Enquirer: 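Questions regarding the structure given below will be posed in turn.
The residues of the chain are indexed from 1 along the displayed sequence. What you see is a predicted model; the values in this text were computed from it and never measured.
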Amino acid sequence: MSNLLKRSISSFLFLVIMVGGLMSRYCFLALMLVIMFGASGEFIRLSGGKNKAVLQQCLAILAGAVLLGTCFLVCACGIENAWMSLALIPVLLIPLSFIFSGDIAEIDSLHPIYSSLLYICLPIALSPFLVFKAGEFDGTLLLSLFILIWMSDVGAYCLGTLFGQKEHSAKLAPSISPKKSWWGFWGGIGCSAASSVVLHYLLLTDLALVHCVALGIIIPVLCVCGDLVESMWKRHYGVKDSGNAIPGHGGFLDRFDSSLIAIPVAALYLLITGVI
């Protein structure tokens, strides 16, 4: 099977799974858990943590799952916010477990473990606050944010491929990601901004036009930041892809690196402006 066909099939299946996962509350919870486990596991492995501090890795993933689960229950069932503090228990057990398990020699694994909690688990765990309104599930806003991210990728790829790979084309961050160009950067912004207007008029989101356009500009900029952060990690550890879970696209982290920064900051914008 050619790489193009493989990428096309996996892209279609990925789109179906993502849209389906935002159609109901329990599908959403399952989807977020899979993304969290997959991305955090890949991040720890590419950071040199494979087969090291396994107990501590499990505690970190448990902490993320507990935080996601309690945030889900806070939003869906109205339980007290204080229950989210339960996630601190496995977090605090991580350094203590080195003492009691005698794995002090693997203490350097704390860096990727705690980085995965902050960089991956925390943003995903807070996602329920974007899909619930007064206890009712509505995945439209989060789906709209993902659409803007995907369209940003399309615009960046198209213009970057057409014009950004020419000999004298200015590169965005050549020391981190040699193929990223300013053509791709502006292509991502243009495609995302245009898509935000379409989303508004197709009534896929009830956000005011000014907020749609603002997100259409903010998100592609943050997508580039997310891509470069992951590229920096991969270049530092000498790996091409974070994994092979998604045929033709790499791993979970390769597919969601933009979202891990773009969606939390977009949510912060909506919070500051009083939209959510």
Enquirer: Just how far is it from atom CE of Met23 to atom CE of Met18, taken to the nearest 0.5 Å?
Expert: 10.5 Å

Enquirer: Check the pair Leu117, Ile94 against side chain to side chain contact (heavy atoms under 4.5 Å, CB included), reporting the backbone distance first and the verdict last.
Expert: CA-CA 11 Å; Leu117 281 171; Ile94 291 172; 4.1 Å; yes

Enquirer: Could you check if a side-chain atom of Leu159 sits within less than 4.5 angstrom of a side-chain atom of Ser181, using non-hydrogen atoms only?
Expert: no

Enquirer: What orientation do Phe28 and Phe132 show, parallel under 30°, tilted 30 to 60°, or perpendicular over 60°?
Expert: perpendicular

Enquirer: Can you tell me how the ring of Phe146 sits relative to the ring of Phe256, calling it parallel under 30°, perpendicular over 60° and tilted otherwise?
Expert: perpendicular

Enquirer: Output, in order, the C-alpha distance, side-chain angles, deciding distance and verdict of side chain to side chain contact (heavy atoms under 4.5 Å, CB included) for Asp257 and Val229.
Expert: CA-CA 8 Å; Asp257 55 353; Val229 167; over 6 Å; no

Enquirer: Taking all non-hydrogen atoms of both residues, which atom of Pro128 and which atom of Ala125 are closest, and how far apart?
Expert: CD-O, 3.1 Å

Enquirer: Quick one: do Ile219 and Val275 end up in the same hydrophobic cluster if we chain Ile, Leu, Val, Met, Phe, Trp and Tyr together by side-chain heavy atoms under 4.5 Å apart?
Expert: yes

Enquirer: Going from CG on Leu73 to CD1 on Ile79, what distance comes out if it is rounded to the nearest 0.5 angstrom?
Expert: 4.5 Å

Enquirer: Atom CD1 in Ile44, atom CD1 in Ile61: separation rounded to 0.5 Å?
Expert: 5.5 Å

Enquirer: Identify the heavy atoms of Leu92 and Pro95 that sit nearest to each other, and give their distance.
Expert: O-CD, 3.3 Å

Enquirer: Given Phe43, which of Phe37, Trp233, Tyr114 fulfils the ring pair (Phe, Tyr, Trp, His ring centres under 6.0 Å) condition?
Expert: Trp233

Enquirer: Are there over 12 heavy-atom neighbours, none belonging to Tyr157, within less than 6.0 Å of that residue's OH?
Expert: no

Enquirer: Which heavy atom in Pro123 sits nearest to a heavy atom in Pro264, and how many Å separate them?
Expert: CB-CG, 3.6 Å

Enquirer: Atom CG in Leu207, atom CG in Leu145: separation rounded to 0.5 Å?
Expert: 8.0 Å

Enquirer: With a 4.5 Å cut-off on side-chain heavy-atom distances among I, L, V, M, F, W and Y, is there a chain of contacts connecting Leu122 to Val74?
Expert: yes

Enquirer: Roughly how far apart are Asp227 CG and Asp254 CG, rounded to 0.5 Å?
Expert: 9.5 Å

Enquirer: Identify the heavy atoms of Ser40 and Cys121 that sit nearest to each other, and give their distance.
Expert: CB-SG, 4.2 Å

Enquirer: Considering non-hydrogen atoms only, spot the tightest contact between Glu42 and Gly251 and give its length.
Expert: OE2-CA, 3.2 Å

Enquirer: Evaluate side chain to side chain contact (heavy atoms under 4.5 Å, CB included) for Phe14 paired with Trp150, printing each intermediate quantity in order.
Expert: CA-CA 12 Å; Phe14 173 80; Trp150 298 333; 3.9 Å; yes

Enquirer: Same cluster for Phe163 and Ile189 if Ile/Leu/Val/Met/Phe/Trp/Tyr side chains link at under 4.5 Å?
Expert: no

Enquirer: How long is the gap from CD1 on Ile120 to OG on Ser259, to the nearest 0.5 Å?
Expert: 12.0 Å

Enquirer: Ignoring hydrogens and angles, tell me if any N or O in the side chain of Ser196 forms a donor-acceptor pair with the backbone of Ala193 under 3.5 Å.
Expert: yes

Enquirer: Apply side chain to side chain contact (heavy atoms under 4.5 Å, CB included) to Val16 and Leu13, showing your working.
Expert: CA-CA 5 Å; Val16 170; Leu13 292 175; 5.6 Å; no

Enquirer: Without swapping roles, check the side chain of Ser152 against the backbone of Leu148 for a donor-acceptor pair under 3.5 Å.
Expert: no

Enquirer: Give a yes or no on whether Tyr201 and Ile217 share a hydrophobic cluster (residues Ile, Leu, Val, Met, Phe, Trp, Tyr; joining criterion: side-chain heavy atoms under 4.5 Å apart).
Expert: yes

Enquirer: Does a side-chain heavy-atom distance below 4.5 Å link Tyr269 with Leu215?
Expert: yes

Enquirer: Report yes if some heavy atom in the side chain of Leu29 is under 4.5 Å from a heavy atom in the side chain of Arg25; otherwise report no.
Expert: no

Enquirer: Flag yes if Trp182 and Val154 sit in one hydrophobic cluster, no otherwise; membership is Ile, Leu, Val, Met, Phe, Trp, Tyr, and two members link when side-chain heavy atoms are under 4.5 Å apart.
Expert: no

Enquirer: Does Leu270 offer a backbone N or O that forms a donor-acceptor pair with the side chain of Thr273 under 3.5 Å?
Expert: yes

Enquirer: Can you name the closest pair of heavy atoms from Thr140 and Asp138 and give their distance?
Expert: OG1-OD1, 2.7 Å

Enquirer: Identify the residue among Leu260, Ile263, Leu67 that makes a side chain to side chain contact (heavy atoms under 4.5 Å, CB included) with Ile124.
Expert: Leu260

